[in-house]
Amino acid sequence: MTGSRLVGSGSALPRRVVTNGELAARIDTSDEWIVERTGIRQRYIAGEGETTASLATEAARAALADCGLAARDIDLIVLATATPDNTFPATATKVQHALGCNGGIAFDVAAVCSGFLYALATADSMLRTGMGRRALVIGAETFSRILDWNDRTTCVLFGDGAGAVVLEAPTSGDSAPGESAAGVLATRLHADGAQHDLLYVDGGPSTTQTVGHLRMKGREVFRHAVVNLSEVLNEVLDAAGVRAAEIDWIVPHQANARILDATARKLGIPAEKVIVTVDRHANTSAASVPLAFDAARCDGRIRPGDLVMFEAMGGGFTWGASLVRL
Ligand code: COA
């Protein structure tokens with residue numbers, strides 16, 4: 001059976017843009033190094049009053065407006081983040097209250113940069129089993145607040161933002177006979193806790209009682225990312241019975257332009273089918289996939305009926321992919 005249908009999207013970015021040149025004025029780096037190694041030219045950084053919840057709420061409102069729904073139509077909010085407003089309660093509950101749809105289900109998912117894929121799969125499963133009719137699936141982050149701004153190997157790579165999609169439970173008879181049904185076609189998720197120390201935050205309530213800073217062995221992460229992503233993309237294609245050539249768009253996690261290129265090449269997918277926003281947004285972790293998706297819908301590239309592959313990999317390691325017919 002085809003899964004939940006993706007009926008709307010929205011996104012939000014902080015007001016302030018920080019260019020590579022501005023970073024180069026503060027730390028030992030250069031626009032040239034950052035662009036050549038990562039493809040990043042700028043990132044958005046949250047300012048006073050901008051938090052993960054406020055960005056998530058703005059993205060959620062935009063997603064609801066996109067499909068003409070009201071907050072009261074939403075039964076379930078699944079929010080992926082590694083930078084919640086508070087250790088608890090879940091940022092999703094803050095968003096629920098801000099939207100004004102109190103009373104339904106709302107919780108956070110922690111899978112770092114794969115968070116949106118984990119959240120999408122969770123919401124899809126819950127809608128398929130009748131736990132609600134419509135869900136908001138949100139990826140929202142303020143990574144700028146867990147970066148070590150003196151560590152040039154990590155602080156140049158990340159940015160802040162939020163993206164949201166509206167999912168609708170599948171109904172029988174959604175498509176005419178012979179027509180390819182819209183909805184989530186196949187999803188695969190993975191995790192490997194043995195790789196914990198390659199990408200992590202060196203603090204937390206139960207260990208240091210501090211928030212901590214992001215630490216990463218970039219070169220190791222790069223190597224695992226290309227292998228893991230290629231494998232999971234092929235798993236999803238097999239599960240859906242679809243050939244790589246049939247995909248209209250890949251919407252990858254925006255970590256590094258070189259990872260995007262290498263992964264697409266391994267699958268034999270031309271670069272024109274890969275949505276790239278890492279140059280503008282940098283790596284916004286759980287927000288990056290829905291932000292890129294919404295950007296490509298707004299500029300008219302991704303259209304109704306398209307076959308779209310989402311994929312991401314992040315700390316844990318966690319990784320996953322999902323194929324959706326719009
Ligand atoms: N500006 C200038 N020089 C920098 C720098 C910066 N911001 N960051 C690192 N360097 C230097 C290093 O100190 C090193 O110098 P050395 O050779 O004198 O020791 C040199 O650049 C090469 O560093 P290295 O880490 O080997 O570079 P790289 O080609 O692997 O690129 C990353 C670094 C982080 C861009 C790359 O490894 C990467 O993108 N990894 C994946 C990261 C990722 O996607 N993480 C998120 C997953 S969710």
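Just so you know, ligand 1 is whichever comes first in the structure, and atom 1 is the first atom listed for that ligand. Predicted model, so just to flag it, every value in this text is computed and none were measured.
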Min side-chain heavy-atom separation D160-T83 under 4.5 Å: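 Heavy-atom side-chain distance check fails, nothing below 4.5 Å.
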Short side-chain to backbone donor-acceptor contact, T187 and S322, under 3.5 Å: no
Test ring pair (Phe, Tyr, Trp, His ring centres under 6.0 Å) applied to F158 and W149, F143, Y44, the passing residue: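 Single pass found, and it is F143.
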List ligand 1 atoms under 4.0 Å from M313, heavy atoms only on the residue side.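 Per the distance check, 48 (S).
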In ligand 1, which numbered atoms sit nearer than 4.0 Å to a non-hydrogen atom of V156? 7 (N)
Which of these, A24, C113, A255, A312, has its nearest heavy atom closest to atom 44 (O) of ligand 1?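 Looking at heavy atoms only, A255 sits closest to atom 44 (O) of ligand 1.
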Which of these, G218, G316, S114, has its nearest heavy atom closest to atom 37 (O) of ligand 1?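 Heavy atom nearest to atom 37 (O) of ligand 1 belongs to G218.
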Considering non-hydrogen atoms only, spot the tightest contact between [X] and [Y] and give its length.
{"X": "E141", "Y": "V112", "result": "OE2-O, 4.4 Å"}
{"X": "L157", "Y": "A282", "result": "O-CB, 3.5 Å"}
{"X": "A286", "Y": "G115", "result": "CB-CA, 4.3 Å"}

Within 6.0 angstrom of [X] [atom1], more than 12 heavy atoms from elsewhere:
{"X": "R15", "atom1": "CZ", "result": "no"}
{"X": "R72", "atom1": "CZ", "result": "no"}
{"X": "R215", "atom1": "CZ", "result": "yes"}
{"X": "M216", "atom1": "CE", "result": "yes"}

Nearest neighbour in protein (non-hydrogen) for [atom]:
{"atom": "atom 24 (P) of ligand 1", "result": "R219 NH2, 3.9 Å"}
{"atom": "atom 47 (C) of ligand 1", "result": "V221 CG1, 3.7 Å"}
{"atom": "atom 27 (O) of ligand 1", "result": "R37 NH1, 3.2 Å"}
{"atom": "atom 7 (N) of ligand 1", "result": "R152 O, 2.9 Å"}
{"atom": "atom 45 (N) of ligand 1", "result": "M216 SD, 3.1 Å"}
{"atom": "atom 10 (N) of ligand 1", "result": "W33 CZ2, 3.4 Å"}
{"atom": "atom 34 (C) of ligand 1", "result": "L157 CD1, 3.9 Å"}
{"atom": "atom 36 (C) of ligand 1", "result": "R258 NH2, 4.0 Å"}

Kindly determine whether R41 and T19 satisfy side-chain contact (heavy atoms from CB on, under 4.5 Å), including the steps that lead there. CA-CA 6 Å; R41 295 181 182 277; T19 63; over 6 Å; no
Evaluate side chain to side chain donor-acceptor pair (under 3.5 Å) for H97 paired with N102, printing each intermediate quantity in order. CA-CA 6 Å; H97 182 56; N102 307 40; 2.9 Å; yes
Select one of side chain, backbone, both or neither to describe which atoms of [X] lie under 4.0 Å from any atom of ligand 1, heavy atoms only.
{"X": "N256", "value": "side chain"}
{"X": "I259", "value": "side chain"}
{"X": "H253", "value": "side chain"}
{"X": "I34", "value": "neither"}
{"X": "T153", "value": "both"}

Flag T38 as yes when one of its N or O atoms lies below 3.5 Å from any N or O atom of ligand 1, and as no otherwise. no
Would you say N283 has any N or O atom under 3.5 Å from an N or O of ligand 1, going by distance alone? no
Strictly inside 4.0 angstrom of [atom], do you find any protein heavy atom?
{"atom": "atom 31 (O) of ligand 1", "value": "yes"}
{"atom": "atom 14 (C) of ligand 1", "value": "no"}
{"atom": "atom 18 (O) of ligand 1", "value": "no"}
{"atom": "atom 41 (C) of ligand 1", "value": "yes"}

Rounded to the nearest 0.5 Å, what separation is found between the CG atom of L323 and the CG atom of L233? 9.5 Å
Between R223 and E220, does at least one N-O distance fall below 4.0 Å, as a salt bridge requires?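 Yes, this pair counts.
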